[in-house]
Amino acid sequence: QVQLVESGGGLVQAGGSLRLSCAASGSIVSIKAMRWYRQAPGKQRELVAAIPSGGSTNYADSVKGRFTISRDNAKNTMYLQMNSLKPEDTAVYYCNAVWVMGAFEKDYWGQGTQVTVSS
């Protein structure tokens, strides 16, 4: 079992910055990748950024150059630094962890944190 708790969302003006955090606890040694997703009202959940264990990061085209995903293994925490925010970044942001044990794989999700960017 893995528990994920997000924090750091809020209201910010366009052009501003926010940093989201995702603290992981539980069976974290088996986490192979962590990701940030977001879901805007009326839209499907979309992948924003991913950071696999020992691999390179990747980003959605819409956030490249503005968002940075990182992971502090000592603190069991993943971050999403969001700069140059745009109104279209408004969404609920979810932390995701991919847990793998042998051939078994499971996704864990945080509760979500609201990000609202005003124009």
Test: Arg35 cationic atom under 6.0 Å from Trp109 six-membered ring centre, within 45° of axis: no
Cationic tip of Arg38 above Tyr94 ring, under 6.0 Å, 45° of axis: no
Disulfide bond (SG atoms under 2.5 Å apart) pairs, two or more places apart, involving residues 68-115: Cys22-Cys95
Interatomic distance, Lys32 atom NZ to Met101 atom CE [nearest 0.5 angstrom]: 8.5 Å
Atom CD of Gln1: over 12 foreign heavy atoms under 6.0 Å: no
Taking every non-hydrogen atom, the tightest pair across [X] and [Y]:
| X | Y | answer |
| --- | --- | --- |
| Gln114 | Ala91 | NE2-O, 3.4 Å |
| Asp72 | Tyr79 | CB-CE1, 3.9 Å |
| Ser17 | Gln81 | CB-NE2, 4.0 Å |

Parallel, tilted or perpendicular: rings of Tyr93 and Phe67 (30°, 60°): tilted
Sub-4.5 Å side-chain heavy-atom contact between Val115 and Leu18: yes
Side-chain touch Met82/Arg19, heavy atoms, less than 4.5 angstrom: no
Salt bridge Asp61-Lys64, side-chain N to carboxylate O under 4.0 Å: yes
